[in-house]
Trainee: 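One structure, pasted below without further comment.
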Amino acid sequence: MNSPFPGFDPYLEQPAFWGMFHTRFGQMLCDLINEQLPTPYLAVTLPEWEEYTVVGVEIRYPETGQPLTHIEILSPAKKEPSNEACEGYLNKRLAYLESRMNLIEIDFLRVGQKLPTMQPLTPSHYTIFLHRAKRRPIAEIWLLSVRDALPIIPVPLLDQDPDIRLDLGEAFQKTYEVARFERLIHYEKEPPGYFSAEDLAWIRERAGG
């Protein structure tokens, strides 16, 4: 059974569900990427051992061991300024941006501080960044509301190879289905966090409330 929402399901921001979603979504991204990668590329999940969750996916070139593209799925701890994990991620992010790696950041959390940018962004519920190594400091950015479908985004490889396409909507729905979140989420309750009156009414309608 699919989520009742066309994009990200706001009910999954609840702490009771986020950890499970975070890990399973990262594994799903890795599987979908590996289905498309040409030889000899390989995608691997990167676990956060202290949290026992998958925090991201890395695409490597096994013949040289060279990491090419890192996909980070942000967690609540990495968006909380008072948390050591936040400072740690910002330092790691800076190292990525100063390297020759491509970086994709997926932020499906409305809580916490937004990632720093050179110019202010239009307010949004969710944000996706693609930092191509060869185009920095320019980034490709997707600003999404709770009503938006999740996009298909390009995933860069080496310069001589074309991007692959990663369907985040497909990855989300498959994650939702295999984890059977429809059996766990109480859609008759209010979603977590603050929404405008218009968005909240739309969420209630989609949730069947």
Side-chain angles (χ1 to χ4, degrees), residues 2-3 5-10 12-13 18-48 53-62 66-75 78-79 89 92-93 96-97 99-110 114-115 117 121 124-136 138-179 181:
N2 287 346
S3 164
F5 297 93
F8 184 73
D9 189 322
L12 289 175
E13 293 183 65
W18 178 256
M20 182 193 304
F21 168 77
H22 196 183
T23 295
R24 285 181 173 267
F25 184 69
Q27 292 168 340
M28 185 64 68
L29 291 183
C30 187
D31 291 342
L32 293 178
I33 289 171
N34 273 324
E35 289 177 3
Q36 299 184 65
L37 284 177
T39 305
Y41 292 100
L42 180 67
V44 293
T45 55
L46 301 177
E48 182 87 69
T53 60
V54 169
V55 296
V57 177
E58 198 164 86
I59 299 175
R60 298 176 180 173
Y61 201 73
Q66 177 186 1
L68 304 171
T69 300
H70 177 80
I71 303 174
E72 181 80 18
I73 307 165
L74 292 175
S75 64
K78 291 180 179 177
K79 296 188 65 183
Y89 177 66
K92 183 172 72 170
R93 181 182 196 248
Y96 283 139
L97 296 177
S99 75
R100 299 179 64 183
M101 285 184 63
N102 306 296
L103 175 63
I104 295 173
E105 298 170 297
I106 299 174
D107 184 1
F108 286 155
L109 293 164
R110 292 174 298 118
K114 295 292 186 180
L115 291 170
T117 56
L121 300 178
S124 63
H125 294 135
Y126 316 118
T127 313
I128 300 166
F129 293 89
L130 167 55
H131 308 269
R132 294 181 186 268
K134 64 182 180 181
R135 295 193 64 194
R136 287 201 272 269
I138 298 172
E140 297 166 54
I141 304 174
W142 290 259
L143 302 174
L144 307 170
S145 83
V146 70
R147 306 185 191 208
D148 293 327
L150 297 180
I152 299 173
I153 65 171
V155 178
L157 305 176
L158 290 176
D159 289 347
Q160 68 266 25
D161 293 317
D163 297 344
I164 63 171
R165 313 294 289 181
L166 179 57
D167 189 333
L168 294 179
E170 177 187 10
F172 174 80
Q173 289 296 349
K174 285 186 173 180
T175 301
Y176 185 95
E177 291 171 12
V178 298
F181 280 116

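Bear in mind that the values here come from a model prediction, so they are computed numbers and not experimental data.
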Trainee: Parallel, tilted or perpendicular: which fits the ring planes of F108 and F21, with parallel below 30° and perpendicular above 60°?
Mentor: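 If you compare the ring of F108 with that of F21, the planes turn out tilted.
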Trainee: Between F172 and G7, what is the shortest heavy-atom contact and its length?
Mentor: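 Distance-wise, the nearest heavy atoms are CE2-O, 3.5 Å.
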Trainee: Apply the test side-chain contact (heavy atoms from CB on, under 4.5 Å) to residues I164 and L157: give CA-CA distance (whole Å), side-chain angles for both, the deciding distance (0.1 Å), then the verdict.
Mentor: CA-CA 8 Å; I164 63 171; L157 305 176; 4.1 Å; yes
Trainee: Could you tell me which residues satisfy side chain to side chain contact (heavy atoms under 4.5 Å, CB included) with P162, sequence neighbours excluded, listed by chain and number?
Mentor: none
Trainee: To the nearest 0.5 Å, what is the distance between OG1 (T69) and CD1 (I33)?
Mentor: 8.5 Å
Trainee: Does E140 have any side chain to side chain contact (heavy atoms under 4.5 Å, CB included) partners at least two apart in sequence or in another chain, and if so, which?
Mentor: L130, R132, R135, W142, P154
Trainee: According to side-chain hydrogen bond (donor to acceptor under 3.5 Å, both in side chains), who are the partners of Q36, at least two apart in sequence or on a separate chain?
Mentor: none
Trainee: Under the salt bridge (charged side-chain N to carboxylate O under 4.0 Å, His left out) test, which residues partner D148, sequence neighbours left out?
Mentor: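 None.
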Trainee: Atom CE of M101 and atom CD of E58: how far apart are they, to the nearest 0.5 Å?
Mentor: 4.5 Å
Trainee: On a heavy-atom basis, which atom in R136 and which in N102 lie closest, and how many Å separate them?
Mentor: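 That closest heavy-atom pairing would be NH1-CA, 4.4 Å.
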Trainee: Begin with the C-alpha distance, continue with both residues' side-chain angles, and end with the deciding distance and a verdict on side-chain contact (heavy atoms from CB on, under 4.5 Å) for R110 and V146.
Mentor: CA-CA 10 Å; R110 292 174 298 118; V146 70; over 6 Å; no
Trainee: Identify the heavy atoms of L143 and I141 that sit nearest to each other, and give their distance.
Mentor: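 What the structure gives for the nearest pair is CD2-CG2, 3.7 Å.
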Trainee: Between C30 and A43, which heavy-atom pair has the shortest distance, and what is it?
Mentor: SG-O, 3.3 Å
Trainee: With sequence neighbours excluded, tell me which residues meet salt bridge (charged side-chain N to carboxylate O under 4.0 Å, His left out) with R147.
Mentor: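 With neighbours one apart ignored, the set is D199.
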Trainee: Could I get the full list of ring-ring contact (aromatic ring centres under 6.0 Å, His included) partners for F5, not counting sequence neighbours?
Mentor: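 With neighbours one apart ignored, the set is W202.
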Trainee: Any side-chain heavy atom of L144 sitting closer than 4.5 Å to one from H125?
Mentor: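 Heavy-atom side-chain distance check fails, nothing below 4.5 Å.
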Trainee: With the side chain counted from C-beta on, respond yes when N34 and Y41 share a heavy-atom pair under 4.5 Å apart, and no when they do not.
Mentor: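 No; the side chains remain at least 4.5 Å from each other.
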Trainee: Quick one: does any side-chain atom of H22 pair with a main-chain N or O of I73 as donor and acceptor, under 3.5 Å?
Mentor: yes
Trainee: Does A179 have any side chain to side chain contact (heavy atoms under 4.5 Å, CB included) partners at least two apart in sequence or in another chain, and if so, which?
Mentor: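 Applying side chain to side chain contact (heavy atoms under 4.5 Å, CB included) to A179 gives M20, R24, F181.
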Trainee: Looking only at atom types and distance, does a side-chain atom of R60 sit under 3.5 Å from a main-chain N or O of V44, one as donor and one as acceptor?
Mentor: no
Trainee: Measure the CZ-CD1 distance between R165 and I152 for me, rounded to the nearest 0.5 Å.
Mentor: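 Going from the CZ atom of R165 to the CD1 atom of I152 covers 7.0 Å.
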Trainee: Taking salt bridge (Lys or Arg N to Asp or Glu O under 4.0 Å) as the cut-off, I'd like each qualifying pair that reaches into residues 30-43, sequence neighbours left out, listed once.
Mentor: none
Trainee: Just jot down the side-chain hydrogen bond (donor to acceptor under 3.5 Å, both in side chains) partners of D9, sequence neighbours excluded, or say none.
Mentor: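 Applying side-chain hydrogen bond (donor to acceptor under 3.5 Å, both in side chains) to D9 gives S3, Y187.
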Trainee: With sequence neighbours left out, what residues match D161 under salt bridge (charged side-chain N to carboxylate O under 4.0 Å, His left out)?
Mentor: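 For D161, no residue satisfies salt bridge (charged side-chain N to carboxylate O under 4.0 Å, His left out) once neighbours in sequence are set aside.
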Trainee: Taking only residues two or more places apart in sequence, or in another chain, which ones meet S124 in a side-chain hydrogen bond (donor to acceptor under 3.5 Å, both in side chains)?
Mentor: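 T127.
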Trainee: Looking only at non-hydrogen atoms, find the nearest pair between P156 and D163 and report the distance.
Mentor: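 Heavy atoms of P156 and D163 come nearest at CA-OD1, 3.3 Å.
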Trainee: Quick one: pull up CD1 in I128 and CG in L150 and give me the separation to the nearest 0.5 Å.
Mentor: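 Answer rounded to 0.5 Å: 6.5 Å.
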Trainee: How long is the straight-line distance from CD1 of I59 back to CD1 of I104, given to the nearest 0.5 Å?
Mentor: 7.0 Å
Trainee: Are T117 and F129 side-chain neighbours, meaning at least one heavy-atom pair lies under 4.5 Å?
Mentor: yes
Trainee: For E105, give me all partners under side-chain hydrogen bond (donor to acceptor under 3.5 Å, both in side chains), at least two apart in sequence or on another chain.
Mentor: Y89, R93, H131
Trainee: Side chains of L12 and F25: closer than 4.5 Å at any heavy-atom pair?
Mentor: no
Trainee: I need the L74 CG to L109 CG distance, nearest 0.5 Å.
Mentor: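 Taking CG in L74 and CG in L109, the distance rounds to 7.5 Å.
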